[in-house]
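Order of the sequence lines sets the chain letters (A, B, ...), proteins ahead of strands, with each chain counted from 1.
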Amino acid sequence: MNDFLFVALAVIAALGAISVVLCRKVVHMAASLIVALSSVAGIFFSLNANFVGATQLMVYVGGTVILLIFGVMLTSMSAKAELKTTPIEAIAALASSVLLLLVFTFTVGSVSWSEHFKLLAGDAAVPKNLVEQGSSSFSSVALALVGVRTDQPNAHSYLLPFEIISIHLLVVLVAAGYLARPRGTQQEADSTAE
Amino acid sequence: MQPLDFSTVIQTLTQNAQNVWMPHFFPEVVVCVTIVLILLASICLKRTARTTFALALIGLLVALCGIGSQLNVVGSGVSANPGEYFGGVLIWDGFTVPVRGMLLLFAILALSLSGSTMKFGARDATDFYTLLLGSTLGLLVLAQSNNLLMAFVGFEMASIPGYALVGFQRHRLRSSEASLKYLLYGAAASGVMLYGISLLSGLTGTLSVSQLGSHVAAIGSQATGATASHAVIFSLLLIFVGFAFKLSLVPFHFWAPDAFEGASAEVAGFLSVGGKVATFSLLVRMSLALSGSMTGEAAKLVLPLGIGLGVVAMASVTFGNLAAYFQKNVKRLLAYSTIAHSGYMLMAVAALLVLRSPEGASSGIDVKQVTQQCIEGLVFYLFVYVFMNIGAFGLTALMRNHFGSEDLEGVKGFGRVFPIHGACLVVCVFSLVGLPPLGGFWGKFVVFYSLFMASKISTFMMVVLLVGGLNTVFSLFYYIGILKAVFLGEPREGSSSLVAASSENGLAMLIALPILLLGMFPGAATDFASEMARSLVR
Amino acid sequence: MSNTIAQDLATYLAIAWLTPLLSFVIAIFNGFKWGRTSRNAAFAATAAIATGFVSSAIAMNRWICEIGGWDKLLHPDHHEHHAYAGVFYDLATFGSLKLSISYYIDSLTLTMFCMVTFIATCIHIFAMGYMSEELAETYDDHQAHVTRPGRFYRFFAFLSLFCFSMLGLVIAGNIFQVFVFWELVGVCSYLLIGFYTERRSANVAANKAFIVNRVGDFGFIIGLMILWTYTGTFTFSNAHMEGAAPGLFEIIAAQATGASEAAHHVAAHGALPTVPQTLLIIAGLGIFAGCVGKSAQFPLHTWLPDAMEGPTPVSALVHSATMVAAGVYLSARFYPVFTTEVLTVIAYVGCITLFVAATIAIVATDIKKVLAYSTISQLGYMMLAIGVGGWGAGLFHLITHAFFKSLLFLGSGAVIYGCHHEQEMPKMGGLLKKMPVTGFAMAVGCCAIAGFGIPHTNLAFSGFFSKDAILATALAYSKINPSHSLLFLAPLVTAGITSFYMWRLWFYTFTGKTRDRHVEEHCHEVPKIMFIPLLVLSMLAFGCAWGGEEGVLYSLLHASQPESCAISDAGLPTHHHIHESHETAGVLALTSALLGFALAYLLYCKSVISPAAIKEQLKPLHSFLVAKWRFDELYDAVFVWPSKRVGGFIAGIDRNVFDNAIDGLAASAVKVAKSNRRFDEVVVDGAVRASGEIVSALARTFRVIQTGRARQYVLFVAVGLVLVVAGFFGVILPH
Amino acid sequence: MTGDPLSILVWLSAIFFLCGFLCMIVKRNVIGMLIGVELILNAANINFVAFGQLSRLGIDGQIATLFVIVLAAAEAAVALAITLVFYNSHSTIDADRGESLRG
């Protein structure tokens with residue numbers, strides 16, 4: 001049952017992603033994106049990565065996509081004419097992605113993962129499969145984010161990125177604020193040097 | 001899993017933070033604090049561009065002093081535990097500390113440059129300096145990261161403010177266009193890089209850079225080694241796309257000319273240098289991790305990787321120089337020259353990989369020593385590059401301010417009207433060409449020298465060397481084109497009454513002087529560079 | 001004991017070397033303050049270089065005392081190489097790569113120092129008069145039709161900088177230092193050729209000189225790298241320093257002669273490194289390529305005639321006496337490193353150059369261009385001499401040539417000055433009455449370069465001795481290697497041609513009737529400050545080689561002669577051989593020169609036959625020569641035309657975007673091709689032009705890729721990724 | 001392709017990656033291109049979680065995903081702001097209209 005759900009979610013996610021490419025209208029694209037990302041969140045849940053799944057739903061589906069739709073609404077008012085791609089471009093795009101797919105098949109696709117990891121399993125440093133382990137990974141994730149690794153004592157812990165990303169978000173806020181701020185103030189008129 | 005005692009965790013954390021992390025990470029903390037202070041000051045104090053500038057400058061200077069004190073520790077040999085810290089995601093050793101110093105120095109130069117040449121209101125100034133510092137912080141993290149995830153975070157932290165900086169002149173069509181292109185290209189490239197990181201970490205089971213080598217070697221030595229090694233290479237190439245984007249290497253350079261032309265010259269100068277220093281620092285670390293001690297299937301890949309980098313370097317150098325030929329916009333021309341210079345620097349990394357391949361180890365040369373020499377050359381090149389490129393872009397900014405143009409046509413006679421600026425431009429440009437006795441000459445010289453060493457192992461490196469040498473001749477034409485316009489062209493009517501501010505003159509000389517000094521007395525800098533190389537390759 | 005003399009010599013020469021730098025700094029920083037009408041810069045520069053000469057002379061004296069006086073010099077008991085090497089200052093260390101400012105002093109260094117400083121002093125004095133028109137707030141440049149501020153101080157500042165670089169090149173004790181100063185003299189030459197920046201032709205010429213030299217320098221770098229990689233040192237020689245690691249020359253010499261000689265080194269430092277034979281050849285050729293560029297040898301010689309765009313004192317100092325001789329000097333320095341194969345190449349390059357340049361000089365009408373081609377030709381003689389084993393002969397000619405050529409140039413400068421910047425000989429004529437001193441000095445110079453003299457006596461012009469020495473060596477060489485007899489015949493014939501074109505110049509200018517009234521009316525003798533250097537130099541041009549190969553000058557140079565070239569002396573004539581052929585060669589050379597003189601006299605002085613008629617008669621032959629080669633057309637068909645088509649096909653030809661530098665070179669190529677010059681110029685300039693075309697076609701292609709569309713850039717990311725992956729797995733990995 | 005869940009997820013992420021790339025290439029609408037970026041980043045996320053939960057990457061995978069999500073949100077914010085600026089100056093969000101910088 002669980003397997004079936006897993007495969008179904010994967011198929012839905014893949015279809016969602018493909019329909020993002022095929023849709024013409026931006027709103028449809030966004031809707032397809034929501035489907036795809038939600039299915040991915042479902043996959044995360046089924047993999048026992050509950051926290052990540054929840055974040056995916058909240059931040060991605062809830063935040064990012066809403067942001068995108070917001071952008072659509074802001075900017076689509078005048079764009080009545082649909083923006084079409086010329087066939088040549090579509091063909092070029094398709095050709096390049098087919099080539100990429102080929103490259104992918106011959107490299108990553110040809111790795112037999114189960115065997116690969118079975119062979120590596122002899123390595124002591126390898127952690128146990130977390131799904132089989134069945135424990136809640138939530139607390140270990142949270143602890144790793146504040147700098148303590150409970151599962152693998154020697155592995156890296158992520159206090160620094162966790163903290164420093166706050167500064168990054170602050171800077172991004174400033175950037176977005178600056179760019180979105182209406183222009184035309186006197187000061188800005190002076191700022192032009194060209 | 002042992003039961004967790006919350007207070008123990010807290011205690012360990014505070015202890016670590018107090019004794020190990022904070023002292024090592026002090027400069028970055030200062031930068032963070034400065035960012036916050038700038039924003040606070042813009043709320044509390046009366047806002048002027050000057051206050052913000054002073055705050056940012058003081059912050060960076062304090063951070064640089066922090067680096068200075070760390071340098072003492074590194075230099076004295078009492079090394080305060082060189083190695084991984086902050087939970088292993090960062091590296092602190094005799095290499096990263098000076099690189100961070102270089103980045104901070106560069107940030108100070110870029111900051112003073114924009115402070116003296118960009119005229120903006122207080123509100124905009126706050127935003128501009130915040131973005132500049134934010135990007136610098138990202139570069140600092142990127143330069144010392146020992147973890148691919150951390151590297152990606154640093155990469156994005158450096159890039160995202162960069163997108164906004166390029167689009168900082170909102171009212172200009174070209175600025176917004178450049179910003180959008182840079183953003184889209186950067187997003188695609190960083191997406192590819194992240195995808196590569198995810199694959200690589202999945203294959204090897206680690207995000208650590210320093211353990212990458214042993215893990216890849218472990219993969220190569222098992223039965224499925226051949227296919228898995230190919231997958232590893234594929235993911236490495238994906239990661240390389242991100243690096244190549246940051247370094248504007250062919251064929252991932254397309255953003256550079258457009259973004260640099262659209263951005264203001266100060267921002268272009270910032271983007272063209274900072275990313276290189278940090279990215280090369282990480283690239284060298286990864287190259288070292290992936291070479292030298294490899295065995296089995298994976299070891300066979302080191303030499304091809306080196307040759308591959310050599311091909312990319314050749315392409316970048318040739319493309320950059322040729323495409324610069326017909327450019328009329330100085331910024332665009334310098335953008336192409338930036339591409340070429342990345343290529344020259346990449347040659348050192350290519351040589352390094354070739355020398356550290358198993359073929360190199362069996363050829364009887366002293367691998368450790370020549371590796372050190374490659375790194376030494378790269379570091380020296382970067383150090384000179386910081387000055388010469390920011391100098392070139394800074395002088396372009398001055399051309400814009402005084403002559404209102406950045407086209408070769410429009411800046412005619414600039415050097416005649418402003419002799420000091422002209423002299424500094426000569427120094428920067430001749431150094432970019434690589435003429436003795438300027439710093440750029442030594443940079444090229446040492447890089448070519450490492451290529452020459454590498455050519456003993458793979459004759460292909462001789463080809464790279466020849467292409468590089470030929471290109472220095474090519475590049476002469478368009479660089480001289482700048483000088484020709486600036487010195488031989490007749491200045492426009494009425495421009496002779498223009499006078500340069502003494503602060504501008506001072507800054508221009510401050511940037512040009514080190515190039516001259518590095519050219520005439522490279523000894524101190526090379527000693528330092530070799531010290532850095534030694535701490536990296538033990 | 002030897003330590004103190006090394007220190008003494010180094011100190012004296014360092015003074016001579018650095019005072020010009022001092023004067024440069026002073027002039028550059030104070031020039032503006034002094035004002036445009038001040039002569040201070042000239043005084044500073046002249047004083048500096050004169051100090052340099054005095055200091056060099058003291059050093060020379062010190063050296064001669066050390067070896068035991070003049071008698072000992074003229075009659076050495078045995079061949080002993082008195083050379084002193086040491087380090088001034090350690091510059092930097094890149095890993096095992098040690099760079100320092102060091103010196104290597106032997107009698108060659110000393111002679112070069114004395115020669116350079118002396119000639120430079122004369123030329124500085126001359127230039128004070130010649131450049132006096134620049135002593136003005138406004139200067140009318142008639143050629144460029146602009147009025148600009150005078151640049152008197154700038155000229156002398158550059159001249160000082162040049163002297164500093166040149167002396168640095170001569171004193172250098174390691175190849176690296178040589179290279180740095182090598183580039184620096186190139187930069188000075190660039191600045192001085194382009195002195196009249198307003199003139200487009202001067203700009204083009206300056207760029208051309210710079211770029212052509214860079215081509216040669218690239219070879220130099222390769223040679224330098226090879227030598228360093230295999231020997232691990234840049235230093236020339238440390239044989240005279242106790243306990244120092246062996247220098248380059250010792251290592252190569254040890255390799256050549258076998259281990260026996262270097263046994264004591266082996267004991268002290270372990271086994272000496274060796275350079276594989278093929279790489280040694282490549283290194284030698286690379287270094288020689290640098291010399292080819294700097295000394296304007298075929299096929300990189302085309303920059304030198306154009307360099308005459310600079311002021312005449314510059315032509316005299318930089319482009320005839322010193323800088324261009326640096327290539328010869330360096331070839332001589334590196335003689336121990338050259339293998340016999342390299343020497344053969346050198347000999348042939350010199351041989352081609354001397355002949356080709358001389359033939360071009362016959363038809364040139366610009367007085368300075370004639371001298372420029374004759375310079376190239378004489379440099380070819382020197383290279384030839386080195387190539388055939390006449391080390392001493394080549395350097396002997398270098399020194400004598402420096403004197404008489406600087407004399408000739410200054411003379412031509414005086415003529416140009418007297419005729420108000422008229423350089424075309426057909427407009428002159430009959431100037432002897434108006435300018436007797438100049439005419440006399442020029443006549444001495446012509447006698448010297450033609451090599452007049454009476455065999456078996458000391459009564460001969462300096463050129464006679466040196467050319468005789470070269471021809472004797474060449475003759476001896478061709479006797480040993482009959483297949484290379486061209487190496488003797490070409491210079492022999494050229495000796496006649498040389499005499500012909502030089503006397504043609506003299507008769508054209510100073511005798512006959514006035515051809516242009518305008519010039520005639522304004523013509524006047526030059527002021528004292530200009531003709532005193534002329535007189536001094538004409539005395540030296542006559543007598544500097546007094547005594548020939550038994551004389552002081554040759555003995556001085558001979559004292560520095562390295563024992564052997566790199567591998568073996570197989571095929572090179574010994575002293576004995578040369579001595580045997582001396583008489584024959586001397587008589588033949590003199591006959592050839594006299595024939596040339598007689599022809600010139602008949603044609604241009606007595607006008608027995610009208611030169612124009614000859615030109616008319618020989619026109620078929622002339623056209624036949626050009627047409628037979630059909631080099632420019634061929635070149636057009638093979639390279640230029642297709643690349644033009646490709647370039648046009650790809651992006652459409654947009655002439656306007658031509659970069660000025662390439663355009664300038666291309667334009668000069670077109671100009672050369674059109675004018676009635678010789679084929680070789682077309683070849684070389686055509687190559688530059690063709691590469692310019694190819695480069696521009698490529699560059700246009702690259703511009704097309706940069707479409708400006710964000711989506712396509714992303715597409716290019718994908719394509720680039722596929723390319724990188726496919727290239728890696730498909731091409732690099734299988735190999 | 002086997003029934004191995006890890007293989008399925010790796011292929012799923014490959015599809016996401018390719019779709020994202022295609023999206024960026026064929027959509028002339030800037031918003032469409034940004035949606036493509038989100039897809040590419042999500043492709044990496046799928047990989048991270050898959051390798052973390054099903055093989056030996058451990059919780060590093062989950063942590064990486066968290067950071068990527070945050071960074072993607074930040075990037076999207078700036079991207080939208082830039083898009084707005086572009087829209088304000090060019091009155092369109094057709095990415096092809098910005099081609100004054102070229103050559």
Side-chain angles (χ1 to χ4, degrees), chain A residues 103-104 106-113 115-120 122-123 125-127 135 139-140 143-144 146-151 154-161 163-168 170-181 183-194, chain B residues 1-2 4 9 12-13 16 28 32 35-36 39 86-90 118-124 127 130-131 133-134 137-138 141 146-147 149-150 153 156-157 160-161 163-164 167-172 199 203 205 207-208 218-219 222-224 227-228 230-231 233-235 264 400-401 404:
Chain A
V103 167
F104 187 85
F106 284 120
T107 53
V108 181
S110 62
V111 177
S112 57
W113 295 98
E115 200 153 333
H116 179 66
F117 290 116
K118 220 176 281 166
L119 282 168
L120 281 177
D123 202 332
V126 178
S135 82
S139 66
S140 12
L143 279 170
V146 294
V148 182
R149 286 295 285 251
T150 48
D151 51 337
N154 293 325
H156 292 174
S157 64
Y158 294 91
L159 177 66
L160 175 69
E163 293 294 338
I164 210 161
I165 215 159
S166 59
I167 294 285
H168 175 56
L170 185 67
V171 172
V172 163
L173 209 64
V174 170
Y178 170 78
L179 291 170
R181 195 195 306 155
R183 63 201 163 105
T185 56
Q186 188 54 45
Q187 283 171 343
E188 201 164 322
D190 296 338
S191 78
T192 158
E194 236 174 288
Chain B
M1 204 188 297
Q2 74 221 33
L4 269 172
V9 171
T12 342
L13 270 181
N16 270 341
E28 284 78 1
C32 294
I35 292 175
V36 176
L39 291 174
F86 246 128
V89 292
L90 296 186
M118 286 183 98
K119 306 178 195 106
F120 31 43
R123 203 168 167 196
D124 289 358
D127 294 348
T130 310
L131 293 176
L133 290 183
L137 183 63
V141 171
N146 183 36
N147 181 294
L149 179 62
M150 192 68 236
V153 171
E156 288 285 280
M157 283 178 70
I160 294 179
Y163 305 147
F168 203 79
Q169 295 154 306
R170 290 175 291 182
H171 52 282
R172 287 183 56 223
L199 280 178
L203 283 160
L207 280 164
S208 159
I219 291 175
Q222 43 172 328
T224 55
T227 50
H230 285 178
I233 290 289
F234 177 63
S235 46
S264 65
R400 176 202 64 204
N401 281 1

J.: Heavy-atom cut-off 4.5 Å, strictly under: side chain, backbone, both or neither for A:Ile167 against chain B?
T.: side chain
J.: Kindly give the heavy-atom pair with the smallest separation between B:Leu203 and B:Ser235, and that separation in Å.
T.: CD1-OG, 4.0 Å
J.: Chain B heavy atoms under 4.5 Å from A:Ala155: which part of the residue, side chain, backbone, both or neither?
T.: backbone
J.: Determine the minimum heavy-atom distance between B:Val89 and A:His156, stating which atoms define it.
T.: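 Closest approach of B:Val89 to A:His156: CG1-CB, 4.1 Å.
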J.: Which atom pair, heavy atoms only, marks the closest approach of B:Ser264 to B:Arg400?
T.: CB-NH1, 3.8 Å
J.: Under a 4.5 Å heavy-atom cutoff, which of B:Ile160, B:Asn147, B:Leu39, B:Asn146 has the most pairs with chain A?
T.: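 With the most close heavy-atom pairs to chain A, the winner is B:Asn147.
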J.: Sequence neighbours left out, what passes side chain to side chain donor-acceptor pair (under 3.5 Å) with B:Thr130? Give chain and number order.
T.: none
J.: Measuring heavy-atom distances to chain A, does B:Leu133 have an atom under 4.5 Å in its side chain, in its backbone, in both, or in neither?
T.: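 Neither part; nothing is under 4.5 Å.
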J.: Is the A:Tyr178 to B:Phe168 ring centre distance short of 6.0 Å?
T.: yes
J.: Can you tell me which of A:Ile165, A:Leu159, A:Val111, A:Ile164 forms the most heavy-atom pairs within a distance under 4.5 Å of chain B?
T.: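 Sorted descending by pairs with chain B, the first entry is A:Ile164.
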J.: Where on B:Leu199 is there a heavy atom nearer than 4.5 Å to chain A: the side chain, the backbone, both, or neither?
T.: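 Answer is side chain: those atoms of B:Leu199 sit under 4.5 Å from chain A.
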J.: Under 4.5 Å heavy-atom distance to chain A, tell me which part of B:Met150 shows up: side chain, backbone, both or neither.
T.: side chain
J.: Only counting residues at least two apart or in another chain, list the ones meeting side chain to side chain donor-acceptor pair (under 3.5 Å) with B:Glu156.
T.: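 Only B:Ser190 meet the side chain to side chain donor-acceptor pair (under 3.5 Å) criterion with B:Glu156.
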J.: Would you please test A:Arg181 and B:Asp127 for side-chain contact (heavy atoms from CB on, under 4.5 Å) and show each step?
T.: CA-CA 11 Å; A:Arg181 195 195 306 155; B:Asp127 294 348; 2.3 Å; yes
J.: What residue, out of B:His230, B:Glu28, B:Met157, has the most heavy-atom pairs lying under 4.5 Å from chain A?
T.: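 Result: the option with the highest number of such pairs is B:Met157.
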J.: Please rank B:Val141, B:Leu137, B:Val153 by heavy-atom pairs under 4.5 Å with chain A and give me the top one.
T.: B:Leu137
J.: With only heavy atoms counted, which part of B:Leu149 is less than 4.5 Å from chain A, the side chain, the backbone, both or neither?
T.: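 The answer is the side chain of B:Leu149.
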J.: Ignoring hydrogens, what is the shortest heavy-atom contact between B:Ile35 and A:Leu170? Give both atom names and the distance.
T.: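 Here B:Ile35 and A:Leu170 meet closest at CG2-CD2, 4.3 Å.
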J.: Under 4.5 Å heavy-atom distance to chain B, tell me which part of A:Val172 shows up: side chain, backbone, both or neither.
T.: side chain
